[in-house]
Each structure stands twice: as C-alpha cells, then as structure tokens.
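Since the structure comes first, as structure tokens, the remarks are kept for the end.
All values below come from the heavy atoms of this structure, side chains included, with hydrogens, waters and symmetry mates left out.
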There are 2 protein chains.
Amino acid sequence: MDTEPPGRAPTALGDPRSDDKALGLLLASAHEAARSSLNAELRPLGIETRHFGILVTLDRAGPTSQRGLGALLGLDKSAVVRIMDELERLGLAVRKRAEHDRRAYAIELTTEGRRYARTSATAADEVSARLFGWLSPADRDRLVTLLTGILTRADDGSTGNEPNRS
Amino acid sequence: MDTEPPGRAPTALGDPRSDDKALGLLLASAHEAARSSLNAELRPLGIETRHFGILVTLDRAGPTSQRGLGALLGLDKSAVVRIMDELERLGLAVRKRAEHDRRAYAIELTTEGRRYARTSATAADEVSARLFGWLSPADRDRLVTLLTGILTRADDGSTGNEPNRS
DNA sequence: TATTGTTATACTCTATAACTATA
DNA sequence: TATAGTTATAGAGTATAACAATA
C-alpha cells in the first residue's frame, strides 16, 4: 500500500498546491535531491557536480578564461579558482596563458580531461534519464517556463543582491 | 523576438528545453534565488529562512519535539539543535520538557515568537506573491506535480549507491 | 537496545574583501 | 582605473559519528 514518501516530507509544512512555504520547500528538495543524485553517479569517477559543470563547458566551448567559466556557470571567480586547482591536480585541465591578455588564462582540457568530460556526461545522462526522462516535451517546456519565470522574478526584487554582475 | 534571459544565464550550458545539465542548473538557480529572496525579506526581522520554517511550523502544529521538527522540515537533528539555540537566544521559543518522555522536549513559541511567526509569514507572503503569484492554479498544480515527480525519482535511486554496511 | 538531544567535526556552497599583475 | 586571478575568511547548509540520559 502507499506509504508516505520516505525521508524528506515536502508537504510537511502544508500542501504545496496552496501553501507557498511548502512550494519553496519542494523546490529546495527537488534541487538538493537532483544534485545529490548527480554526485552519486559521478562518485566512481572521483569528481562532483562542480567539476562536471566546468569539464562539460570546456569540452563544449573550448579554451576559456576563469572569468568566462564563472559567467557561464553562475560561479564566483574565487569558486572557479578552487575548482580549477582541483581539476589541475587531477590532471584534467591546464591553465595556459591567454595570448592576447597576459592577466587571463585560456583553460584547456587535457586528453584525460576530454575523456572525463564525455564519460561523466554519459554518467549524467543516466541520472537525467531517471529524473527528467519521464517528462513529455510539453511537460519539460512548461517546467522550464515556470522555473525561468520564478527565477527572473526573484532576481528582480531581491534587494539588489545581484549575483555575478561582474 | 526573444532576447536573452537577464542576469544569471541559466541557458549557459545549453538550452534547458533540450539539455539536461542546463535544466539542472535552472532548477538550482531558481531554488537559490527563491531562498535569497526570502532571506532578504526576513532580514529586517533579524531571522532567516531556517528560523522561519521552525517558527511557522510551531505556530501551526503546537509544541513539538526537536526530532519532530526535523522530520517535518527535512532537517537533521543536529541542525535543529543549532537553530533552536538561536531561537531561544532570540527569545522566540523555549525548550520545555515533554511530560510523557523526559528525553524529549516540547518546544513552544513564546508570545514574542508567535508574533514573529505571523509577522514573518506576512513578509514571506510578499515574496511568494512576487515569485509564485503569477502562476495560475493550473500552472501551480503542474509545477508541483513535475517537481514532486523529479524529487521522488531522485530519492529512489540516489541512496542505493551507499555501501552502508551496518 | 533504541531513541532524544548534544557536541564535535567536516565538507560544500556562496560571498566578500584585500591583494598582485596586468590592461 | 579597471580587470583577471589569488588568497583568506566567513556564514550557511548538509552530514556523520560519538556520547549521555532516558525509554
């Protein structure tokens, strides 16, 4: 018989269909669970979501500065430094100097890094298939529209707490 | 006709309508922006989202044990200890001993705590109106269904990876 | 033995400020 | 002056393990 969803109880504060606090909690839970799932899938590779994002971005966009990576992924520049330190120590990416601007880097994937980018993308696909695969194209489109609407409205009025406007 | 989404670039990794990684990033961004908005609104009261959740829950459910609060809000018991320390220091809640179980507390709001619970709920309503008020009942229903589906599918498979031997 | 709560610890994420070297 | 990157630091979220008192 149907028991309550285990562990987390997204409706604990009320019904998210009518209760804003419960809807916010549901949003938080879905995000946290999704990230946790991806981390679990990436664990055998020895990387986590933060590395994954940069690997995939570099594999896609080619050599990029740290600031560029931060802008693409919504990360602070200091966060990119830390993640890049880890990726270099893992031998997956290298900091080469940009030719035209000696302040900046042109971050490149190593051969191993490119392999990791693709292997981890495949691993991530398995998580995605489970989490998002059941969505019809219309469902998915709707979800993106709804989330984007919430995001832009939050960013509008959040007391000038602008994220990465650098 | 469509220009790029402002501020954060949730589509930086790709189009979330077709790219799973971008959809995950969008989910993260929406959550983070929502929490940030609520924190900004609660700041004048001197509390944050974590206190808000407990205040509202206590105001609604009446005296509750710490473990009960954690279960309702998806918080670890050690997290509840920390938040309760803060709420007691703020004079908003008190730890009374449960009558039937001398291990447990029956956490109660103070008069001031009840006032805070309602004032902060009103403040939260303003955030909610901006973030969620534009959703039609059908939109909202759909969003809840989609997020719940993602959450349960994530919780299903992500914890099975832990070896967790005894 | 199991559970409530406490403490210690640790890792992640986010954010800021101060600093360097270039531009 | 402004920008790319580095470093240090801090707060918040999440999690676990060890422990005392009680069930």
Verify the distance criterion only: is there a donor paired with an acceptor across the side chains of Thr145(A) and Arg17(B) at less than 3.5 Å?
yes
Heavy atoms, side chains only, cut-off 4.5 Å: are [X] and [Y] in contact?
X: Val127(B); Y: Phe132(B); result: no
X: Leu58(A); Y: Glu108(A); result: no
X: Leu92(A); Y: Glu112(A); result: yes

Rounded to whole Å, how long is the line connecting atom [atom1] of [X] with atom [atom2] of [N]?
X: Leu73(A); N: dA15(C); atom1: CG; atom2: P; answer: 14 Å
X: Ile107(A); N: dG5(D); atom1: CD1; atom2: P; answer: 7 Å
X: Asn39(B); N: dT14(C); atom1: CG; atom2: P; answer: 14 Å
X: Lys77(A); N: dA17(C); atom1: NZ; atom2: P; answer: 11 Å
X: Arg35(A); N: dT12(C); atom1: CZ; atom2: C1'; answer: 8 Å
X: Asp76(A); N: dA10(D); atom1: CG; atom2: C1'; answer: 13 Å
X: Glu32(A); N: dT12(C); atom1: CD; atom2: P; answer: 13 Å
X: Glu48(A); N: dT14(C); atom1: CD; atom2: P; answer: 13 Å

On DNA chain D, nearest-nucleotide positions of Arg82(A) versus Leu75(B): which is more 5'?
Arg82(A)
Is any side-chain N or O of Arg50(B) closer than 4.0 Å to OP1 or OP2 of dA12(D)?
yes
Leu55(B), Thr57(B), Val94(B), Ile54(B) screened by side chain to side chain contact (heavy atoms under 4.5 Å, CB included) with Leu109(B), the one that passes
Leu55(B)
Taking the side chain of Arg67(A) as its heavy atoms from C-beta onward, which of dA4(D), dG5(C), dT14(D) lies nearest to it?
dA4(D)
Out of curiosity, does Val81(A) fall in the hydrophobic cluster containing Leu72(A) (side-chain heavy atoms, cut-off under 4.5 Å, transitive links)?
no
Arg95(A) and Asp85(A) ion-paired at < 4.0 Å
yes
Kindly state which residues belonging to residues 84-106 of chain A come within less than 4.0 angstrom of DNA chain D, counting heavy atoms of the residue only, listed by number.
Arg95(A), Arg103(A), Ala104(A), Tyr105(A)
Go through the N and O atoms of the side chain of Ser78(B) and the base of dT14(D), and report whether any donor-acceptor pair is under 3.5 Å.
no
